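What follows is one structure encoded as structure tokens, with my remarks underneath.
Please read these numbers as outputs of a predicted model, since none were measured by experiment. Numbered from 1 within each chain, the chains take letters A, B, ... in sequence-line order.
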Amino acid sequence: MPELPEVETVRRGLEPAMSGRRIARLIQRRPDLRFPLPERFAERLAGRRIERLGRRAKYLLAHLDGGEVLVMHLGMSGRFTVTLTPDLRRAERSLVGEFVHATGTDPAHDHVVLEMEGGAVVTYNDPRRFGFMDIVAADGLDDCRHFAGMGPEPLGSAFNSAYLASRAQGRTTDLKAFLLDQRNIAGLGNIYVCEALFRSGLSPHRAASCLSDRKARPTERCERLVPTIRQVLEEAIASGGSTLRDYAHADGSLGYFQHSFKVYGREGELCVTPACTATIKRTVQAGRSTFHCTRCQR
DNA sequence: CCGCGGGCCTGAGAGC
DNA sequence: TGCTCTCAGGCCCGCG
């Protein structure tokens, strides 16, 4: 699935079509995604105006008039596409818009379609259906079941070395798992954790407690890691995210940060560090692939 | 409380 | 061509 940079890219792509616009009609093609969709989902959203389109971690947030928020998560394979020709079936649209063709999604997995006032059609496609949607009250959004206990945004000021060190103190879990845990920091996934740890020269297998000294103060490692996480995310957003098998922008164009991966998906390749002769290793942590250089990352 | 493994789904790609 | 196996940007749950 998209991690934070991909979701942010999707948000920016959807903004012109959705922000400030009313949902003329919503078509729900099945009762559930990963979870059952809310009761009367389509009826509750029809006619509502989207005041703004936001993001929290890997979630998209459509702030609606009437004090509710449409919460959307893309799971592993969720994708939004925008077309500008309403009232045509998708098959017909694909004849018109080459961008639809370019995304290559199977219309069988078009689960939710939002027809926006003004003519844009926003289609949610998700083959694996690990994504989900929910409607929650705007006041208390942070306390709803999706966000309660979630850690700070890595690009916000609440994420800093003092914070991270306080979370990491005494934790024996691997750094990799610690950074993937959304309660510690919200929005990182497998790719960006691997990349941030490489850029920080930290082994993913090291204990998380290495970020903290005995007084819960940040160590030098922590001071290195925090800005690196920000940097890798910002670079990825600037590149329009990463395009692997499932992900494309709302207009069908592709991100290109995958070309900047230094370790992710590079098992067996020579480490990119000048003069380093080691090859990238793939290991499995908590059931997920970790890529790292055993020489540069300690 | 903590860490791990399994499960949820479908599709792509490798190997035979 | 087609089968079988592995793997995939996430997250939740139950187990020990």
Going by heavy atoms in the side chains, are Met116(A) and Val121(A) under 4.5 Å from each other? no

In DNA chain B, consecutive runs of at least three Watson-Crick or G-U pairs below 3.5 Å, as range with range, amount to B:2-8 with C:10-16, B:10-16 with C:2-8

What is the distance, rounded to the nearest whole Å, between atom CD of Glu6(A) and atom C1' of dA8(C)? 14 Å

Nucleotides 12-16 of chain C: which of its N/O atoms have a protein N/O under 3.5 Å away?
{"unit_1": "dC12(C)", "atom_1": "O4'", "unit_2": "Arg34(A)", "atom_2": "NH2", "d": "3.1"}

How close or far is atom P of dA8(C) from atom CG of Asn190(A), stated in whole angstroms? 8 Å

Whole-Å gap separating C1' (dA8(C)) and OH (Tyr192(A)): 15 Å

Distance in angstrom units between Arg167(A) CZ and dC1(B) C1', rounded: 12 Å

Set of residues satisfying side chain to side chain contact (heavy atoms under 4.5 Å, CB included) with respect to Asp181(A), sequence neighbours excluded: Arg183(A), Asn184(A)

Contacts satisfying ring-ring contact (aromatic ring centres under 6.0 Å, His included) that involve residues 202-241 of chain A (not counting sequence neighbours) are His205(A)-His292(A)

Name every donor-acceptor pair, under 3.5 Å, that has one atom in a side chain of residues 141-149 of chain A and the other anywhere in the protein, sequence neighbours excluded.
{"unit_1": "Arg145(A)", "atom_1": "NH2", "unit_2": "Asp134(A)", "atom_2": "OD2", "d": "3.1"}
{"unit_1": "His146(A)", "atom_1": "NE2", "unit_2": "Asp134(A)", "atom_2": "OD2", "d": "2.7"}

Residues in contact with DNA chain B, drawn from residues 171-186 of chain A - heavy-atom cutoff 4.0 Å: Arg171(A), Thr173(A)

Taking Glu153(A) as the fixed residue, which of Arg230(A), Arg55(A), Lys58(A) is the one that meets the salt bridge (Lys or Arg N to Asp or Glu O under 4.0 Å) rule? Arg55(A)

Between dC11(C) and His73(A), is there an OP1 or OP2 to side-chain N/O distance shorter than 4.0 Å? yes

Centroid under 5.5 Å and tilt under 30°, Phe130(A) to dC8(B): yes

What integer number of Å spans the P atoms of dC5(C) and dG7(B)? 16 Å

What integer distance in Å separates Arg129(A):CZ from dC11(C):P? 18 Å

Please evaluate the base of dC9(B) for a donor-acceptor partner in the side chain of Arg128(A) within a cut-off of under 3.5 Å? yes

With no hydrogens and no angle check, do the side chains of Asp110(A) and Thr123(A) hold a donor and an acceptor under 3.5 Å apart? no

Whole-Å distance, Phe261(A) CZ to dA8(C) C1', equals 13 Å

Would the distance check show the side chain of Glu68(A) and the main-chain N or O of Asp65(A) forming a donor-acceptor pair, the cut-off being under 3.5 Å? no

Measure from CG on Asp126(A) to C1' on dC8(B) and round the result to the nearest Å. 12 Å

Is there a donor-acceptor contact under 3.5 Å from the side chain of Gln182(A) to the main chain of Leu180(A)? yes

For the residue pair Phe41(A) and Leu70(A), establish whether any side-chain heavy-atom pair is separated by less than 4.5 Å. yes

Check: Glu234(A) side chain, Gln231(A) main-chain N or O, donor-acceptor pair, under 3.5 Å: no

Met150(A) CE - dC11(C) P separation (whole Å): 7 Å

In whole angstrom, give me the gap between the C1' atoms of dC12(C) and dG11(B). 23 Å

In terms of side-chain heavy atoms, does Arg282(A) have a donor or acceptor partner in Ser289(A) at a distance below 3.5 Å? yes

Taking only N and O in the side chain of Ser77(A), is any of them less than 4.0 Å away from OP1 or OP2 of dC9(B)? no

Just checking, is any N or O donor in the side chain of Thr294(A) or Lys281(A) under 3.5 Å from an acceptor N or O on the other one? no

